[in-house]
Amino acid sequence: MEIESLTGYQPPADALEGRVVLVTGAGAGIGRAVSVASAAHGATVVLMGRTQANLETVYDEIVSAGSPEPGIFVIDFERAGPDQYTQIFEALQATYGRLDGIVHNAGILGDRSPIEHYDVKTWHRVLHVNLTTPFLLTRTLMPLLRCSEDASIIFTSSGVGRVGKPFWGAYAVSKFGTESLMQVLASELEGSPNIRSNALNPGATRTAMRRQAYPGEDPDTLPSPDQIAPAYLYLLGPDSKGVNGRSFDAQ
Ligand code: NDP
């Protein structure tokens, strides 16, 4: 697998003007930063995530910056069933009529433990949130992406989604699966030049998940989510038109 770096990309101010972009896990960490940056570059962002208060804080931040008013959709991907996916589709269709981007970003770490002792329930939870949910959302929203002139689907990967390492368990497997989902979809989209599918590994970033994985690390040694957001804007915006089926590093 060839990995390309997006370090140093600077989006034009109007990169996402007029686009409607859905971000999962938008209430915290990287999802929050990508949502705020996307809105600041002209996008109407649909903030999707589990904790309403977090999403409302991001909503306020976007509105007070003078960016386009976002939408909010509260959903717990661990518990969501077919009815909720239908609701998402109907609400987005009625409000926007199309979708120009999805950032599959929500994720959970699960346990850091050997496969031999890995908790089975946690295994199912991690694979469901990190891998099955992007499949379900993409499948549900494909008709709205097909209504866009230039749509982009970003799957969030990880270094351990490309090389297996000890004790990363279900998280690593979910990220390998994510790369595979991205590639399968990208190959199916080869005849649909108005939709692209790519994977992006943010790299070590100062968030709650990173702290959970590396509790002894000094967070100040890591880039902030705001610093890596431009890589997401590259893949969402017109500069990456025609780029499909590729795997990128934000750092
Ligand atoms: P955070 O833990 O900071 O944020 C995760 C987000 O996902 C939160 O907004 C959280 O919602 C949401 N979420 C988690 N579970 C659910 C659920 N069941 N339903 C709906 N939303 C949910 O993580 P990061 O920002 O660090 O990670 C973002 C992505 O980047 C993940 O896919 C992660 O695997 C990946 N990544 C991160 C790296 C890093 O160093 N930080 C490195 C490599 C990859 P809530 O607001 O309720 O907490």
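Computed from heavy atoms alone, side chains included, the values below leave out hydrogens, waters and symmetry copies.
Residues passing the salt bridge (Lys or Arg N to Asp or Glu O under 4.0 Å) test with R19 are D150, sequence neighbours excluded. Under the rule for a ring-ring contact (aromatic ring centres under 6.0 Å, His included), F176 has no partner lying at least two apart in sequence or in another chain. The ring-ring contact (aromatic ring centres under 6.0 Å, His included) search around Y85 returns none, not counting sequence neighbours. Residues meeting the ring-ring contact (aromatic ring centres under 6.0 Å, His included) test with Y171, sequence neighbours left out: W168. Looking at residues two or more places apart in sequence or on another chain, you find a ring-ring contact (aromatic ring centres under 6.0 Å, His included) between F155 and H104.
Residues F73 and L144 share a hydrophobic cluster, clusters being chains of Ile/Leu/Val/Met/Phe/Trp/Tyr side chains in contact below 4.5 Å. With hydrophobic clusters built from ILVMFWY side chains whose heavy atoms lie under 4.5 angstrom apart, M182 shares a cluster with V173. Using a 4.5 Å cut-off between side-chain heavy atoms of Ile, Leu, Val, Met, Phe, Trp and Tyr, with links allowed through other members, L189 and L136 fall into the same hydrophobic cluster. Note on V58 and M48: separate hydrophobic clusters, where clusters join Ile, Leu, Val, Met, Phe, Trp and Tyr whose side-chain heavy atoms are under 4.5 Å apart, directly or indirectly. Taking hydrophobic clusters as Ile, Leu, Val, Met, Phe, Trp and Tyr residues chained together by side-chain heavy-atom distances below 4.5 Å, I62 does not share a cluster with V46.
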Check the pair L16, L236 against side chain to side chain contact (heavy atoms under 4.5 Å, CB included), reporting the backbone distance first and the verdict last. CA-CA 7 Å; L16 303 185; L236 285 172; 3.9 Å; yes

Worked verdict on L127 versus W123 for side chain to side chain contact (heavy atoms under 4.5 Å, CB included): CA-CA 6 Å; L127 283 169; W123 179 276; 2.9 Å; yes

Could you go through the side chain to side chain contact (heavy atoms under 4.5 Å, CB included) check for T24 and F77 one step at a time? CA-CA 10 Å; T24 71; F77 293 127; 3.9 Å; yes

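When atom types are taken as modelled, the side chain of N198 and the backbone of V243 share a donor-acceptor pair closer than 3.5 angstrom. Between the side chain of H128 and the main chain of H124, no donor-acceptor pair closer than 3.5 Å is present. Distance alone, capped at 3.5 Å, is enough to place a donor-acceptor pair between the Q251 side chain and the P202 backbone. For T122 (side chain) and Y118 (main-chain N/O), no donor-acceptor pair under 3.5 Å exists by modelled atom type. With hydrogens and angles disregarded, no donor-acceptor distance shorter than 3.5 Å links the side chain of S174 to the backbone of L131. Here the side chain of S158 pairs a donor or acceptor atom with the backbone of V160 at under 3.5 angstrom. In this structure, S113 contributes its side chain and F167 its backbone to no donor-acceptor pair below 3.5 Å. Side chain of S152 to main chain of L235: a donor-acceptor pair is present (N/O by atom type, distance under 3.5 Å, no hydrogens or angles). Looking only at distances, no side-chain donor or acceptor of D100 sits under 3.5 Å from a matching main-chain atom of S148. The closest donor-acceptor contact from the side chain of N201 to the backbone of D249 lies at 3.5 Å or more, if one exists at all.
Under the 4.5 Å side-chain criterion, counting only non-hydrogen atoms from C-beta, P70 is not in contact with T44. Within the 4.5 Å cutoff, no side-chain heavy atoms of R50 are placed close to those of I75. Y232 places a side-chain heavy atom less than 4.5 Å from the side chain of I30. Between T178 and T156 the shortest side-chain heavy-atom distance does not fall below 4.5 Å. Between R196 and I153, every side-chain heavy-atom pair lies at or beyond the 4.5 Å cut-off. Between I102 and L141, the closest side-chain pair of non-hydrogen atoms falls below 4.5 Å. At a threshold of 4.5 Å between non-hydrogen side-chain atoms, the residues R32 and E61 count as touching.
Between K241 and D239 there is no salt bridge, since none of the side-chain N atoms of the basic residue sits less than 4.0 Å from a carboxylate O of the acidic one. The pair E217-R211 fails the salt-bridge criterion, with no side-chain N (NZ, NE, NH1 or NH2) lying under 4.0 Å from an Asp/Glu carboxylate O.
F248 does not carry R246 over the face of its six-membered ring by the limits of under 6.0 Å from the centre and within 45° of the normal.
Taking each heavy atom of R162 and S247 in turn, the nearest pair found is NH2-CB, 3.6 Å. Between A39 and P68, the shortest heavy-atom contact is O-CD, 3.4 Å. In terms of heavy-atom proximity, G110 sits nearest to Q212 at O-NE2, 4.1 Å. What you find for L200 and A250 is that their closest heavy atoms are CD1-N, 3.6 Å. G161 and S157 get closest at one heavy-atom pair: CA-OG, 4.5 Å. Smallest separation of non-hydrogen atoms from A229 and A33: CB-O, 4.1 Å.
Atom CG of residue L222 and atom CD of residue Q227 lie 10.0 Å apart, to the nearest 0.5 angstrom. N194 CG to R146 CZ: the interatomic distance, rounded to the nearest 0.5 Å, is 7.5 Å. Between L137 atom CG and L22 atom CG the span is 6.5 Å, to the nearest 0.5 Å. The structure places CZ of R125 at 10.0 Å from CG of N130, a figure rounded to the nearest 0.5 Å. For the atom pair OG1 (T138) and CG (L185), the distance works out to 6.5 Å, reported to the nearest 0.5 Å. The NZ atom of K165 lies 10.0 Å from the CZ atom of R112; values are rounded to the nearest 0.5 Å.
With 3.5 Å as the limit, one finds no donor-acceptor pair spanning the side chains of E179 and Q183. T207 and T205 are not linked by any side-chain donor-acceptor pair at a separation below 3.5 angstrom, with hydrogens and angles left out of the test.
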Can you give me every donor-acceptor pair (side chain of residues 86-95, partner residue at least two apart or in another chain, under 3.5 Å) with its distance?
residue, atom, partner, partner atom, Å
T86, OG1, P82, O, 3.0
T95, OG1, A91, O, 2.7

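Environment of CD in E149: sparse, with no more than 12 heavy atoms of neighbouring residues, nucleotides or ligands closer than 6.0 Å.
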